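No hydrogens, no waters, no symmetry mates; every other heavy atom, side chains included, goes into these values. What you see is a predicted model; the values in this text were computed from it and never measured.
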Amino acid sequence: MSHAIKHLFIGGLIIMTMAIPTTTTASDLELTIVNPPTLHDPTPNGYSTAVIVPGEARVAYISGQGGQDGTGALSPDFAVQVKQAYANLATALEGIGARPDQVAKLTVFVVDHDMSKLEVLTRNVKEMFGEKLPAQTLVPVPRLAVDPMLFEVEAIVMLK
């Protein structure tokens with residue numbers, strides 16, 4: 001066997017060996033939260049800078065959850081809608097067999113956002129997620145799908 005082919009063959013074995021998947025149990029799958037110390041600390045505002053989902057995990061996407069109650073009614077109060085939307089998100093998580101600590105990313109949509117609404121949002125996120133804050137993006141919008149809707153939250157979730 002030539003010297004070049006021998007190295008190619010050995011290299012191929014190393015690559016093949018490195019590609020063999022390891023056994024991972026559901027309890028091993030954890031999100032990694034990253035808040036670099038050289039960036040502003042986002043946790044007082046209810047989110048993390050970045051969240052890493054392990055490669056072995058399955059990912060689920062939860063559609064935007066608004067503040068409708070079980071009858072479809074919407075309160076005209078922003079804080080009531082936010083609280084109900086997070087309750088609806090918790091129900092959606094339960095429906096797919098997930099918990100809040102498996103949420104990697106939230107996107108929230110706020111009609112006519114202003115700083116007074118930020119406190120309401122932060123309080124509700126911290127109530128639901130505690131110290132394991134997901135990455136999050138807030139998008140101010142002029143309106144949502146239904147005119148009285150003032151808030152909507154969607155999620156990307158790691159399934160175990």
Side-chain angles (χ1 to χ4, degrees), residues 21-160:
T22 58
T23 303
T24 304
T25 64
S27 62
D28 294 336
L29 297 176
E30 296 291 330
L31 295 173
T32 302
I33 295 173
V34 180
N35 289 307
T38 55
L39 292 177
H40 173 73
D41 181 11
T43 57
N45 293 323
Y47 69 97
S48 295
T49 301
V51 177
I52 301 168
V53 175
E56 302 84 13
R58 293 180 306 140
V59 176
Y61 300 85
I62 296 179
S63 296
Q65 299 299 305
Q68 297 94 335
D69 64 17
T71 68
L74 282 162
S75 168
D77 184 81
F78 178 75
V80 172
Q81 282 196 30
V82 171
K83 188 167 194 65
Q84 182 64 53
Y86 280 103
N88 295 344
L89 177 59
T91 300
L93 287 170
E94 289 171 16
I96 62 172
R99 300 180 317 272
D101 68 345
Q102 292 171 247
V103 173
K105 170 81 166 64
L106 296 174
T107 303
V108 298
F109 303 91
V110 180
V111 173
D112 299 326
H113 174 63
D114 63 37
M115 294 309 287
S116 68
K117 295 178 179 176
L118 197 55
E119 186 278 326
V120 172
L121 298 173
T122 302
R123 178 173 13 97
N124 280 273
V125 167
K126 287 184 173 185
E127 284 175 10
M128 183 166 184
F129 296 98
E131 296 296 313
K132 294 207 169 205
L133 297 168
Q136 183 175 192
T137 299
L138 185 153
V139 182
V141 295
R143 65 181 290 208
L144 290 164
V146 179
D147 278 332
M149 187 184 288
L150 303 172
F151 178 77
E152 188 171 13
V153 56
E154 63 182 30
I156 300 174
V157 185
M158 173 189 68
L159 297 177
K160 294 185 176 188

Which distance, rounded to the nearest 0.5 Å, do you find between the [atom1] of [X] and the [atom2] of [Y]?
X: D69; Y: Q84; atom1: CG; atom2: CD; answer: 6.0 Å
X: L89; Y: I62; atom1: CG; atom2: CD1; answer: 5.5 Å
X: T49; Y: H40; atom1: OG1; atom2: NE2; answer: 9.0 Å
X: N35; Y: Y47; atom1: CG; atom2: OH; answer: 9.0 Å
X: M158; Y: I52; atom1: CE; atom2: CD1; answer: 12.0 Å
X: Q81; Y: N88; atom1: CD; atom2: CG; answer: 10.5 Å

> Does any donor atom in the side chain of N45 or T122 lie under 3.5 Å from an acceptor atom in the other side chain?
Replying inline: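 No.
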>> Side chains of S75 and D77 only: does a donor on one sit below 3.5 Å from an acceptor on the other?
In response: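 No donor-acceptor contact under 3.5 Å links the two side chains.
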[Y] side chain reached by [X] side chain, heavy atoms, under 4.5 Å:
X: I156; Y: V51; result: no
X: Q68; Y: M149; result: yes
X: V108; Y: Q136; result: yes
X: E131; Y: I33; result: no
X: P100; Y: K132; result: no

> Excluding sequence neighbours, so at least two apart, what forms side chain to side chain donor-acceptor pair (under 3.5 Å) with D41?
Replying inline: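 Here the qualifying residues are T43.
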>> Evaluate M128 against V153 for side chain to side chain contact (heavy atoms under 4.5 Å, CB included), listing each step before the verdict.
In response: CA-CA 13 Å; M128 183 166 184; V153 56; over 6 Å; no
> Looking at L133, T32, V34, L31, which one forms a side-chain contact (heavy atoms from CB on, under 4.5 Å) with S48?
Replying inline: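 The side-chain contact (heavy atoms from CB on, under 4.5 Å) with S48 is passed solely by L133 among L133, T32, V34, L31.
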> Salt bridge check: are K160 and E56 linked by an N-O gap of less than 4.0 Å?
Replying inline: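 A salt bridge is absent here (no side-chain N lies under 4.0 Å from a carboxylate O).
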>> Among residues at least two apart in sequence or on other chains, which ones pass salt bridge (charged side-chain N to carboxylate O under 4.0 Å, His left out) with K83?
In response: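 For K83, the residues satisfying salt bridge (charged side-chain N to carboxylate O under 4.0 Å, His left out) (neighbours in sequence not counted) are E127.
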> Would you call the rings of Y86 and F151 parallel, tilted or perpendicular, where under 30° means parallel and over 60° means perpendicular?
Replying inline: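 Ring orientation of Y86 relative to F151: tilted.
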>> For a side chain to side chain contact (heavy atoms under 4.5 Å, CB included) check, start with the C-alpha distance between D112 and K117, then their side-chain angles and the critical distance, and finish with the verdict.
In response: CA-CA 9 Å; D112 299 326; K117 295 178 179 176; 4.0 Å; yes
> Do any N or O atoms from the side chain of E152 and from the backbone of L150 form a donor-acceptor pair under 3.5 angstrom?
Replying inline: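 Looks like no, no N/O pair under 3.5 Å.
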